[in-house]
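Down below is the structure, laid out as structure tokens.
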Amino acid sequence: MDTGQNIESTLADLTGLGLDRVRESQDEVLTAGIHRMVMLICAPDERIGGGGEKSRLDA
Amino acid sequence: MTPDALADLSGTARADLSPPGLPRHRLSERDFDALAAANADATAIERLREAESSYRRMVLRAVLDLLRRDSAARGPLPPPDAAWDLLVEAERRAPAQIARLIACPQIGAWAAHMVRRLGGDLHDDAPLWVDAGQLHALAASAAIEAGIGASLLVPMRNGAVHLPVLGHALLPARQPWDTAWVRIPDRPASPAVTTFSPERADPPPSTKLAEIVSRNSSVSVRMAAKHGAPTPEHRGSWRARPALTAVCRGETLAVGLEDADPYRLVGRTTAPARLAPADVDRWTAMLHSAWDLVVAEHRKTARELSALIATLAPLPRAAPFRSFSGSTGDAFGGVMLSEPENATQFAATLVHELAHFKLGAVMHLFDLTDFSSSRLGYTPWRDDPRPLRGILHGIYAYFHVTDFWRRQRLSTSGGEAMLAHFEFAFWRDQTLQTARTTRASAGLTDLGRRFLDGVLVTLEPWCSEPVPFLAGDLAEIMARDHLALWRAHHLRPPSALVAELARAWVDGRTAPRTAVGAAGPEILAPCPDARDLDGRACLARLWLLDRERFRQAARTGPESVVAGTTSADCALVSGDRTLARRLYLTELATEPGRISSWVGLGLTDREHGALADRPDLALAVSSAVEATAGRRPEPSELAAWLAPAVISGNDETGRAPDEHHTAARPADWLPGSAEPDGAGA
């Protein structure tokens, strides 16, 4: 049911942040976002799976 | 990457200059539900693109932090902060171009590759500094885009220097891993300087943007040219990345044809594979045709594609009806795909991958599944057992594919229309079944269930839409075929049940139905060799699309068109079930363990239906009887004997033979109740 609310992500919003600020920031929201991002990257890529020819269908 | 290493990330930053409390990304419930139902507006799509922009900046920051801590990663190259300094300056001077550069899918693929490699989760044959040095190549591209004068040392792989988005140079290589200088003169930044646009009547003259120098050879970096033709020079050549632009009724699709970036393919680094100008022309023409089709029949999808897709990584043409495509969450907006057979197939592939982009972005934002879930399950679109997140991706992708064919079947005629009806019926029913089963299974979060609710709200009404009998009937048989083959390859029936049935057969008793009912679930034992389980479905597609080509294949041997298929399969898909039955029995007489023949025989009529409903059990019992009595049961006799025990709801239902298959779909109990069997995996 749509309650008119927003669903908040752990991902920091860096759309207004230049690369200099991205490099310097130790903001805890950014740190939490990086942790989530690294966890996602280091989890098995379950979209492809198997590797090689088994990835012919990627769903 | 270890938890400690993870905790240390971002702890090496310099003094914090940013205001406290960065905002987080948000999505309204309305947009979330609309995305799930494939009914999102442009604003919601833009939210996803923005989230991916943040995700990309985060992964670059993570790579920088990891490189700062690992001096071995530097090799002969300057420190990573030198490259970042240049990126910062370039962004100040040309923010739009640098945003576009960073958004390049292959930058994301490279960064994720680095996180895995520096975290010890991945091995690559290239020295670490060669991989890490791509940050300097990115900075070189940024400096060229922004017109900043600079000289940078960048890595060279087997003579190839790749500058992201711009192109690559090939130079004589004395050793596999080397360095080259990129010398960039000062000049004003221009949005059009590195991208060739076919809309311009006269391509601008080739302007020298930079020079790449290695030992005693050099090449000039020039702006993109038509066809992506390389510019040969003394002892080397530069080749700008081909840029394809299709315009139809005011809708534009602009993509880079990425045939050289070392990070363009999923899961491995790859040498350049330059397309010839004629190949680029062929891809261009096909993209124009596909875009015309998408804009004409699927306007909303066209706008989403225009917003999200950035590159195509071309691969050689695949076998008929077995086209290849792939994408990952690392490389948002990037698709790798085999050369399309036709515009319709190209369009369907783009629609498929678009769904992956959208769901990938949603899953970067929110957890739709429980990460601790290790269960595997059946999906009708893959030959291997799939984890829950993969199943969710498949549901969403084939939900979009179903929508594509639902519309497409109304705009074509003849064989193409019959094929479209088949695809619609096949994917509609299979996606619905899988979505319902997954919705009821363990492992989804509340948001995950909400997302599937959105899919089902749109998908369920489509199931009452009529489909021509021929296409619908074949779709049902082919769905049953794939499920049966998957069962036979990946499931093991309980050994006690197999032994009891084999004893009953040898003793001349009826198959004990109660034993089948009381037996525990099958054991999931993934078979790594299971592949191309869609052979008969490919033949069915050919039969619906092009009857003459099908007949020719049947005459000369279908194996040459669809690998792994036989004349019996041709007879089955074309409706001659008597001939198919005879041919399958002949196949089994010479090759008693051929799984495809067992299942094919089971699809020919109700009397043999047990072989398609429980091929795992039939094969196991056949082998057990042979081990005990010295000879296998005759397949038809075994099918008739097994039927009362494994098939319920018989004659009194009045249903057609193909409606009698009542064996549980693996998705009915997977991923809800089965764990992979380690011994068999």
Side-chain angles (χ1 to χ4, degrees), chain A, chain B residues 1 6 9-10 13-18 20-30 32-33 50-51 53-55 57-59 61-62 64 84 87-88 91 112 115-116 119 121 266-267 322 324-330 356 364-366 371 381-382 384 386-387 389-390 393-394 397-398 531:
Chain A
M1 188 180 72
D2 182 1
T3 62
Q5 302 294 308
N6 284 323
I7 311 170
E8 189 169 71
S9 170
T10 312
L11 218 57
D13 185 346
L14 305 183
T15 48
L17 218 57
L19 286 168
D20 52 343
R21 306 291 281 276
V22 171
R23 170 165 60 179
E24 308 300 340
S25 178
Q26 295 191 59
D27 188 289
E28 61 185 27
V29 174
L30 174 60
T31 303
I34 288 177
H35 279 219
R36 173 177 178 75
M37 178 272 302
V38 172
M39 182 195 71
L40 289 168
I41 285 177
C42 292
D45 191 336
E46 294 176 333
R47 188 186 309 183
I48 299 296
E53 290 305 306
K54 286 173 70 178
S55 61
R56 184 169 61 81
L57 296 171
D58 69 343
Chain B
M1 180 169 286
L6 199 61
L9 266 182
S10 76
R14 298 170 182 172
D16 189 5
L17 302 177
S18 64
L22 281 170
R24 292 186 170 93
H25 280 283
R26 293 179 172 84
L27 208 54
S28 70
E29 289 184 334
R30 179 177 165 277
F32 182 88
D33 293 339
E50 288 171 352
S53 172
S54 292
Y55 187 88
R57 284 170 183 255
M58 278 184 215
V59 69
R61 162 67 186 271
L64 179 67
W84 199 283
L87 284 169
V88 168
E91 187 183 51
V115 169
R116 294 190 185 102
D121 297 329
V266 173
R322 282 179 167 159
F324 172 95
S325 70
S327 58
T328 75
D330 298 339
H356 283 312
H364 281 168
L365 284 167
F366 310 113
F371 268 80
W381 37 79
R382 287 279 294 232
D384 51 338
R386 303 291 290 140
R389 283 195 300 159
H393 257 295
Y398 282 96
R531 61 185 60 204

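Just so we're clear, the structure is a prediction, and the values are computed from it rather than from any experiment. Below, chain A is the first sequence line, B the second, and so on; all start at residue 1.
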Evaluate side-chain contact (heavy atoms from CB on, under 4.5 Å) for A:Leu30 paired with B:Met58, printing each intermediate quantity in order.
CA-CA 8 Å; A:Leu30 174 60; B:Met58 278 184 215; 3.8 Å; yes
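- Residue contact with chain A, scored on non-hydrogen atoms closer than 4.5 Å, involves the backbone and the side chain of B:Glu50 alike.
- Closest of all the heavy-atom pairs between B:Ser54 and A:Ala12 is CB-O, 3.3 Å.
- Residue A:Glu28: no heavy atom, backbone or side chain, is found under 4.5 Å from chain B.
- At least one side-chain heavy atom of B:Phe371 sits under 4.5 Å from a side-chain heavy atom of A:Leu40.
- B:Leu365 and A:Ser9 make their closest contact through O-OG, 2.7 Å (heavy atoms, listed as atom of the first residue, atom of the second, distance).
- Nearest heavy-atom pair, A:Leu19 versus B:Glu91, reported as atom, atom and distance to 0.1 Å: N-OE1, 2.7 Å.
- Using modelled atom types, no side-chain atom of A:Asp20 and backbone atom of B:Val88 make a donor-acceptor pair closer than 3.5 Å.
- The minimum heavy-atom distance linking A:Thr10 with B:Arg24 is given by the pair O-NE, 4.1 Å.
- Distance check: B:Arg26 CZ to A:Glu8 CD gives 4.0 Å after rounding to the nearest 0.5 Å.
- Put simply, of A:Thr15, A:Val22, A:Val29, A:Ile7, the one with the most heavy-atom pairs under 4.5 Å next to chain B is A:Ile7.
- Judged by distance alone, the side chain of A:Arg36 and the main-chain N or O of B:His364 form a donor-acceptor pair under 3.5 Å.
- At least one donor-acceptor pair under 3.5 Å links the side chain of B:Arg57 to the backbone N or O of A:Leu17.
- In terms of modelled atom types and a separation under 3.5 Å, the side chain of B:Arg116 and the main chain of A:Ile41 share a donor-acceptor contact.
- Looking at A:Asp13, A:Thr31, A:Leu14 one by one, the single match for side-chain contact (heavy atoms from CB on, under 4.5 Å) with B:Leu22 turns out to be A:Leu14.
- Interatomic distance, CE of A:Met37 versus CZ of B:Arg61, reported as 10.0 Å (0.5 Å rounding).
- Using a 4.5 Å cut-off between heavy atoms, B:Phe366 touches chain A through backbone and side chain atoms alike.
- Heavy-atom minimum distance, A:Ala43 versus B:Arg389: CB-NH2, 3.5 Å.
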